[in-house]
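Within every chain, numbering begins at 1; the chains are lettered A, B, ... in the order of the sequence lines, protein sequences first and strands thereafter.
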Amino acid sequence: MSSGDVLVWYFIDTGPPGPYWTKWSRRPGPECFSREKESAMARNIVPKEQDYSQWYLDVIRASELADYAPVRGCMVIRPTGYALWEAIQRAFDEAFKESGHVNAYFPLLIPSSFLEKEAEHVEGFAPECAVVTHAGGDDLEEPLVIRPTSETVIGHMYSKWVQSWRDLPILINQWCNVMRWEKRPRLFLRTSEFLWQEGHTAHATREEAMEETLRMLEIYRRIMEEHLALPVIAGEKSEGERFPGADNTYTCETMMSDGKALQAGTSHFLGQNFAKAFDISFQSQEGRQEFAWTTSWGVSTRLIGAIIMTHSDNDGLVLPPRVAPVKAVIVPISTDDAVLQERLLPRAKELADRLNAHLGPRSVAVDTQFHLRPADRFFHHLQKGVPLRLELGEKELAALSVRSVRRDTADKRDLSWEGLEGAVASILETMQADLLAKAREFRLARTRSVETFEEFKERLDREGGFLEAYFAGGKAEEKAIKEATMATVRCFPLDDDSRGTCFFTGKKDAKRAIFARAY
RNA sequence: CGGGGCGUAGCGCAGCCUGGUUAGCGCGCCUGGUUCGGGACUAGGAGGUCGGAGGUUCAAAUCCUCUCGCCCCGACCA
């Protein structure tokens, strides 16, 4: 996170309230829900059981993660959403650096001829490219494509940088925006412009490149599980789902709380395709001229969508503590203004300082919205997904404690000021683990093994979720299944070596595949 | 791009079919009072010219034409 943050997590004195405190509107609850019975439920969010898409959009609006931009398909990532992205970036960036990668930046504009150098690549991306044809008041001699991904420019540069086997491997990553003109945008999941990270590596041997491809897939899996609490299935993509220009594509697939699949990240083994197209060649130790082997891998702001759809509930956003911009909020409560100002607030600030020293700067906020009633203040933090609320009232003041309330379970505990840092850290860790476990259980409960196409269709219509089956079909069979059921091959899980009879073609020795309807 | 909805105050909507007083309602917002440990109540108040353009008419949010945009469902995708 850069300094000079727009976010004002912590405003005690005067000054303008930061975005964290901004107001949002309520929406009258749906008529079908009685006010009395559902009084604990958010009125500005449609229950997910009623309309999942609307629920998703409502959660984003209520938590102020993003808003629609004036250009169709584009979104504004609001301060809270961006802070979340920064936390995600930190987790991945750290892991990339630990594994020897370095960051660099390549340009937004790519000569359109570059795209055309790799046949499958153009075919795959041409339809969704935005092209600049006019600049400086004139038509451009050669149109410039706004990068949909950067294999081509980077290939061009690597060609210049690589001469000898001693120049390899090149392990570069870049954080940037890309543009893919989308027919049907959806906040975070599919926007025309999105933020991501793209790693591009070049190696001397096939083995080394393949190793890199799988290494990055594993890093993705680990960070997604450990930091984002997203249980993922790491696997290989089918022929029909491969990245345009790749020999193999590997993926981290995760299940959303409506049972649909979401591809959370991909790692591609590009073989020598781009090396040949861009002439990334080198003289080997033995003196031969050889083409390099390249990989690319990326995760995007789609991960925010995954977090929302995995953990959130009908009250609003739920964030895994490790990536939550604000991990806990201290809420001083009293009807007596003097007590509030003179006794509770100084104590709250002091506790926040201690917690921040322990959990990291700015990870704990003090709620000073004293013009609101406690219930309203609680609700604000609840909707924004703050993992832990720490209530500090006169009772707690007398008992030298705070009352903690977990966002995901509403579990309440009284924590002594003494050793508060450890207690809070421990609750946050438990919550982090619980979210992952809960999501994993959900996925397991919604995963079924099927033997026949009949059973496949029946299960899918009845319960959705993931379907495991032995599958040996090619592009044609994938297409047929998709047309009949809307489900696609999500991946062939790497941790499943078993072989069986294909449920669709009847062929022997088929690999285990996961099918699902996907985002 | 195909199918379905819809654009009226910050948000959610009614009004439009059967054109005509200062365009309504709920939430939110501002001010006061009572409240105050998971979305309070009350009194008063600010805020829209009805997506845009053109047309019909004495008169249009309401009728006609065109246009822009949004959302949902599909084909395509991180």
Side-chain angles (χ1 to χ4, degrees), chain A residues 22-31 35 38-46 51-54 56-58 61-62 67-73 123-128 148-149 177-198 220 237 240-241 243-244 249 251-253 262-268 296-306 315-316 331-337 340 370-383 389-396 402-403 405 407 410 412 479 482-483 486 488 517-519:
Chain A
T22 55
K23 315 293 170 49
W24 58 84
S25 60
R26 291 179 192 177
R27 183 155 77 197
E31 295 75 2
R35 274 289 167 73
E38 305 293 339
S39 60
M41 201 146 78
R43 295 180 214 147
N44 56 344
I45 295 177
V46 169
D51 183 341
Y52 198 81
S53 298
Q54 190 59 50
Y56 175 73
L57 295 170
D58 285 347
R61 188 166 43 78
D67 202 352
Y68 292 102
V71 175
R72 175 182 164 73
E123 197 187 324
F125 282 110
E128 46 191 271
T149 178
N177 58 342
V178 288
M179 177 157 277
R180 299 181 185 177
W181 213 254
E182 291 293 343
K183 309 284 194 228
R184 194 185 146 199
R186 232 165 163 330
L187 289 179
F188 291 115
L189 301 179
R190 210 184 298 103
T191 47
S192 289
E193 180 189 5
F194 58 90
L195 304 184
W196 79 342
Q197 144 283 309
E198 47 178 328
Y220 282 167
K237 278 293 185 189
E241 301 273 323
F243 176 78
T249 286
T251 177
C252 285
E253 293 289 324
L262 183 76
Q263 178 174 307
T266 48
S267 184
H268 314 293
S296 68
W297 25 274
V299 295
S300 70
T301 36
R302 171 179 273 190
L303 286 171
I304 294 175
D315 280 335
V331 188
I333 302 166
S334 174
T335 51
D336 184 332
D337 201 54
L340 207 49
F370 300 143
H371 60 291
L372 297 178
R373 290 154 49 255
D376 290 313
R377 298 159 70 194
F378 292 170
F379 212 75
H380 286 196
H381 305 120
L382 201 145
Q383 289 219 307
R389 180 174 77 235
L390 300 172
E391 303 171 10
L392 181 65
E394 293 181 59
K395 293 176 214 162
E396 287 77 16
V402 293
R403 159 154 287 207
V405 184
R407 170 62 182 86
K412 297 178 175 63
K479 201 178 167 197
K482 184 171 184 182
E483 279 171 6
M486 302 294 305
T488 50
R517 289 180 179 143
Y519 277 99

C1'-based separation of C30(B) from G10(B) [nearest Å]: 14 Å

Atom-to-atom span, CG of Leu392(A) to C1' of G37(B) - whole angstrom: 12 Å

P atoms of G28(B) and G55(B), separation to the nearest Å: 43 Å

First encountered from the 5' end of RNA chain B, between Leu382(A) and Pro244(A): Leu382(A)

Between A61(B) and G20(B) - P atom distance, rounded Å: 10 Å

Length of the CD1-P vector between Ile45(A) and C27(B), whole Å: 19 Å

Protein-nucleotide distance (Leu187(A), atom CG; A78(B), atom P), rounded to Å: 19 Å

Interatomic spacing from CZ in Arg180(A) to OG in Ser300(A) - rounded to 0.5 Å: 8.5 Å

Output one line per pair: protein atom, nucleotide atom from nucleotides 72-77 of chain B, and distance, for all N/O pairs under 3.5 Å.
residue: C73(B); atom: OP1; partner: Ser53(A); partner atom: OG; Å: 3.0
residue: C73(B); atom: OP2; partner: Arg184(A); partner atom: NH2; Å: 2.2
residue: G74(B); atom: OP2; partner: Arg184(A); partner atom: NH1; Å: 3.3
residue: C76(B); atom: OP2; partner: Lys482(A); partner atom: NZ; Å: 2.6
residue: C77(B); atom: N3; partner: Arg190(A); partner atom: NE; Å: 3.2

N/O donor-acceptor pair, side chain Asp376(A) with base G38(B), under 3.5 angstrom: no

Pairwise 5' ranking along RNA chain B for Thr301(A) and Ser334(A), keeping only the more 5' one: Ser334(A)

Gap in Å between the two C1' atoms, one belonging to C58(B) and one to C63(B), rounded: 16 Å

Pair Glu394(A), Ser334(A): side-chain N/O donor-acceptor within cut-off below 3.5 Å: yes

Touch class at under 4.0 angstrom, heavy-atom based, for Ala264(A) against every strand present: nothing

Spacing between Glu193(A) atom CD and A78(B) atom C1', to the nearest angstrom: 14 Å

Touch class at under 4.0 angstrom, heavy-atom based, for Glu394(A) against every strand present: base

Verify stack between Trp196(A) ring and A78(B) base, 5.5 Å, 30 degrees: no

Base-pairing mate for C36(B) - Watson-Crick or G-U, with both contacts under 3.5 Å: none

Opposite nucleotide pairing with G74(B), Watson-Crick or G-U, both atom distances under 3.5 Å: C1(B)

For C50(B), the Watson-Crick or wobble partner whose two distances fall under 3.5 Å: none

Separation of the C1' atoms in C66(B) and C72(B), to the nearest angstrom: 25 Å

Touch class at under 4.0 angstrom, heavy-atom based, for Glu396(A) against every strand present: base

C16(B) to A75(B) separation - P atoms, rounded to the nearest Å: 39 Å

Base paired to U57(B) (Watson-Crick or G-U; both N/O distances under 3.5 angstrom): none

Euclidean distance for C1', C13(B) against G2(B) (whole angstrom): 30 Å

Donor-acceptor pair present, Arg389(A) side chain and G38(B) base, under 3.5 Å: yes

Pair Glu391(A) + Arg389(A): basic N to acidic O under 4.0 Å: yes

His268(A) and Phe243(A) aromatic ring geometry - parallel, tilted or perpendicular at 30°/60° bounds: parallel

Donor/acceptor link under 3.5 angstrom from Glu391(A) side chain onto base of G38(B): no

Touch class at under 4.0 angstrom, heavy-atom based, for Ser296(A) against every strand present: nothing

Proximal nucleotide (of C36(B), G39(B), A78(B)) relative to the Gln263(A) side chain: A78(B)

Check: Ile333(A) main-chain N/O paired with Arg377(A) side-chain donor or acceptor under 3.5 Å: no

Whole-Å gap separating C1' (U35(B)) and CG (Leu340(A)): 15 Å

Pair Glu241(A) + Lys482(A), salt bridge at N-O below 4.0 Å: no

Between C68(B) and C76(B) - C1' atom distance, rounded Å: 25 Å

Sugar-phosphate only, base, or nothing, as touched by Gly393(A) at under 4.0 Å among non-hydrogen atoms: base

Complementary nucleotide for C29(B) - Watson-Crick or wobble, under 3.5 Å: G45(B)

Atom of Gln383(A), atom of Ala62(A) and distance for their closest heavy-atom approach: OE1-CB, 3.6 Å

Tyr519(A)-Tyr56(A) aromatic ring centre distance below 6.0 Å: no

Distance in angstrom units between Phe370(A) CZ and U35(B) C1', rounded: 18 Å

Spacing of Glu253(A) atom CD and Thr266(A) atom OG1 [to the nearest 0.5 Å]: 9.5 Å

Considering all heavy atoms, the nearest Leu57(A)-Tyr68(A) contact: CD2-OH, 3.3 Å

Nucleotide paired to G7(B) in any strand shown, Watson-Crick or G-U, under 3.5 Å: C68(B)

